[in-house]
Amino acid sequence: MAECVRTTLNPSHFLLHSTKTPTQNPFFSSISSFEAKPNARKYPKISLSVMSSQNQSQGQTQVPSLDALLNSGRKEEVFASIKASLYNCLSETNLQLTVPGLKFKTRGKVRDIYDSGDYLVLVTTDRQSAFDRILASIPFKGQVLNETSLWWFNRTRHMIPSAVLSVPDKNVTIAKKCSVFPVEFVVRGFVTGSTETSLWTVYKNGVRNYCGNVLPNGLVKNQKLTANILTPTTKAEDHDVPVTPDEIIERGLMTQDEFDEAREKALSLFEYGQRVALERGLILVDTKYEFGKSSDGSILLIDEVHTPDSSRYWISNSYEERFQNGLEPENIDKEFLRLWFRENCNPYEDKVLPDAPEELVCELAWRYIFLYETITKSRFEMQPMGEPIHDRISRNVSSALSSLQ
C-alpha cells in the first residue's frame, strides 16, 4: 500500500471575522469581500473586448457555463462534498515505498515529484501555498489542478508541445524528463497583486522599470495594462526573485535563442488563455509558465497551465463597474486567502502561521471547482472516498509505468 497521508491543516474552530462591510454576490455569497474604499478620482475607462475578437464580432460575451454554475443546487452539492472531505486531504505522499523502481526526488510546495528512471511522476497534492509557504490543505484541489492543466495542455498543443506522457490518476501526471530552465515566465495583463513581487506592490513603492518593462506614472490598482508584459523570476533558496531578460542571459540561465522562444510562447499562451477565459465570462489577469528542454533540443511546456494556483482570474461582467468605483474585482483565485493571512499575521516572517478558517477553506475549494467547470464547460467529478487514495494512486501509477516500459 502506498504511504500517502491524508490529513488536514484546517481546524474547524477558527471562524472568519471581518470588520469590513461584506459585499454579497451570487457567486461567492458565503464569504465577506475585502473591499477597497471608493476613490473620488476618475479611473481610466477599460475595454476588455480587445481580448476576444470573436466576442467583439458577436457584440457580447457568451457565458453559458457561468449561468449554469450559478445554480444554487450545484453549489450546495459541491459544498457538501467539500465539507465531508475537510479532514481527508492529500497532504503528503511516499510512493517510493510501494511502487517498484520509483525514487522520491523532490517535495515542492504543491507537487511531490518521483523519479522512475526514464520518466517523472508528479503527484499534485491538496497543499495550498502562497508567500512561498504552505498555508493549508484544500479538498479536491490537487485533482482540480491536475485536470485543469491537462485540459489546457491538450488545447495548446498547436502552440507548443508539453512534457505530458500520461495521466494515470486524477492527481497524477507522468512526464518526460527534460532540462528545466530555472526561470518562471510570469505574464501580466493588469496592475494588481498583494505579494512582495506583485506588480501593484512594486509599482506603489515607486518602481517604474520592472523586469525590463518601463511603466508609466498614474496607474492605479487593478488597471488593465495597454499591453501584456513579461516579468520573469528566478528561484532563490525560499522565494522568487524578479529578474530582467538581460540578467537571465548574463547569468547563463538561458541562451538568447532559448529565452526569445520561451518569451514568445509565454505571451502567445497568455493571449490565447485570455481569449478563452473571456468567452467564458472570466478575465485571465496574470499567470506563470515554466519551460524545459527535451533531449532533442525542443522547448516543452511543463508544470501547470492557467490553473487557479498559477493564475489570477476575475469575473468579467462586474470588473469595469467595480474598478470605476474603486472596489476590488470579484475573483475566483486564492487572492482572498492571501489577504486573510496578510491581515492576521506576517506571512513572510512569522515562524508559525494561524490556521486558515474552515469557511475560507471551503470557499476556496468551491472556487477551484467553479473555475474548472466554467473553463472546461464540463462537470467536475469528485473522486469518491471509497478506496483509500494511497491505494488508488499506487495501483494506477504502477500500471501506467508498466505500460510505458
Side-chain angles (χ1 to χ4, degrees), residues 1-12 78-99 102-116 120-130 133-151 164 166-175 303-304 307-310 333-334 337 353 355-358 360-373 380-401:
M1 292 175 58
E3 295 291 330
C4 299
V5 181
R6 292 200 43 110
T7 61
T8 183
L9 303 178
N10 315 310
S12 60
V78 171
F79 254 82
S81 296
I82 291 170
K83 290 179 178 179
S85 300
L86 275 172
Y87 296 92
N88 196 34
C89 293
L90 181 61
S91 300
E92 302 290 342
T93 68
N94 288 292
L95 294 181
Q96 77 277 12
L97 301 178
T98 60
V99 178
L102 207 60
K103 297 178 181 179
F104 188 82
K105 187 175 183 180
T106 57
R107 180 186 187 273
K109 296 171 188 173
V110 176
R111 288 169 182 80
D112 291 342
I113 304 174
Y114 298 88
D115 191 336
S116 71
L120 292 179
V121 176
L122 299 90
V123 182
T124 309
T125 72
D126 297 327
R127 296 192 294 263
Q128 180 65 56
S129 71
R133 303 179 68 170
I134 304 301
L135 303 182
S137 289
I138 310 298
F140 303 111
K141 178 194 166 183
Q143 180 184 340
V144 170
L145 295 186
N146 203 47
E147 295 185 349
T148 300
S149 286
L150 179 63
W151 190 90
V164 176
S166 171
V167 184
D169 184 271
K170 292 181 180 294
N171 288 75
V172 179
T173 293
I174 297 179
D303 195 44
E304 60 184 322
T307 71
D309 247 24
S310 65
D333 50 48
K334 60 184 179 182
L337 189 65
L353 300 182
D355 292 288
E358 182 178 304
L360 291 186
V361 171
C362 291
E363 183 66 29
L364 186 55
W366 155 248
R367 294 187 187 202
Y368 273 56
I369 294 171
F370 173 90
L371 182 64
Y372 171 84
E373 295 191 343
F380 180 74
E381 298 297 334
M382 286 163 279
Q383 187 66 28
M385 295 172 57
E387 181 184 16
I389 191 168
H390 44 77
D391 292 352
R392 188 196 79 212
I393 290 178
S394 179
R395 170 174 47 80
N396 290 338
V397 170
S398 296
S399 176
L401 289 177

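Here the structure is a predicted model, which means the values were calculated and not measured.
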Would you give the length of the straight line joining atom [atom1] of [X] to atom [atom2] of [Y], rounded to the nearest 0.5 angstrom?
| X | Y | atom1 | atom2 | value |
| --- | --- | --- | --- | --- |
| Lys141 | Gln128 | NZ | CD | 3.5 Å |
| Thr93 | Phe104 | OG1 | CZ | 6.0 Å |
| Leu95 | Leu102 | CG | CG | 6.0 Å |
| Ile134 | Leu353 | CD1 | CG | 10.5 Å |
| Ser166 | Leu150 | OG | CG | 10.0 Å |
| Ile138 | Leu86 | CD1 | CG | 9.0 Å |

### Message
Is the ring pair Tyr372/Phe380 parallel, tilted or perpendicular, if the boundaries are 30 and 60 degrees?
### Response
perpendicular

### Message
Run the side chain to side chain contact (heavy atoms under 4.5 Å, CB included) test on Val172 and Asn396 for me, step by step, so that the C-alpha distance in whole Å, both residues' side-chain angles and the decisive distance to 0.1 Å come before the verdict.
### Response
CA-CA 9 Å; Val172 179; Asn396 290 338; over 6 Å; no

### Task
Using a strict cut-off of less than 4.0 Å between a Lys/Arg side-chain nitrogen and an Asp/Glu carboxylate oxygen, indicate whether Glu381 and Lys170 qualify as a salt bridge.
no

### Task
State which residue, out of Asp309, Asp126, Thr148, fulfils the side chain to side chain donor-acceptor pair (under 3.5 Å) condition with Tyr368.
Asp309

### Query
Can you name the residues that form a side chain to side chain contact (heavy atoms under 4.5 Å, CB included) with Ser310, not counting sequence neighbours?
Thr287, Lys288, Glu304, Thr307

### Query
Sequence neighbours excluded, which residues qualify as side chain to side chain contact (heavy atoms under 4.5 Å, CB included) partners of Lys103?
Asp115

### Task
Specify the closest pair of heavy atoms between Pro139 and Ser85, including all atoms of both residues, with the distance to one decimal.
CG-O, 3.8 Å

### Message
Looking at every heavy atom in both Val361 and Ser137, which two are closest together, and how far apart are they?
### Response
CG1-O, 3.8 Å

For the residue pair [X] and [Y], establish whether any side-chain heavy-atom pair is separated by less than 4.5 Å.
| X | Y | result |
| --- | --- | --- |
| Cys362 | Lys83 | yes |
| Glu92 | Arg127 | yes |
| Ile393 | Pro168 | no |

### Task
Report the C-alpha separation of Thr124 and Thr173 in whole Å, then their side-chain angles, then the decisive distance to 0.1 Å, and conclude whether the side chain to side chain contact (heavy atoms under 4.5 Å, CB included) test is met.
CA-CA 8 Å; Thr124 309; Thr173 293; 5.7 Å; no

### Task
Just do the side chain to side chain contact (heavy atoms under 4.5 Å, CB included) check on Leu401 and Val121 with the steps written out, would you?
CA-CA 9 Å; Leu401 289 177; Val121 176; 4.2 Å; yes

### Query
Under the 3.5 angstrom rule, does the side chain of Ser398 hit a backbone N or O of Ser394 as a donor-acceptor pair?
yes

### Query
Given the rule in the side chain to side chain contact (heavy atoms under 4.5 Å, CB included) test, do Val397 and Asp169 qualify, once you have shown the distances and angles that lead to the verdict?
CA-CA 7 Å; Val397 170; Asp169 184 271; 5.5 Å; no

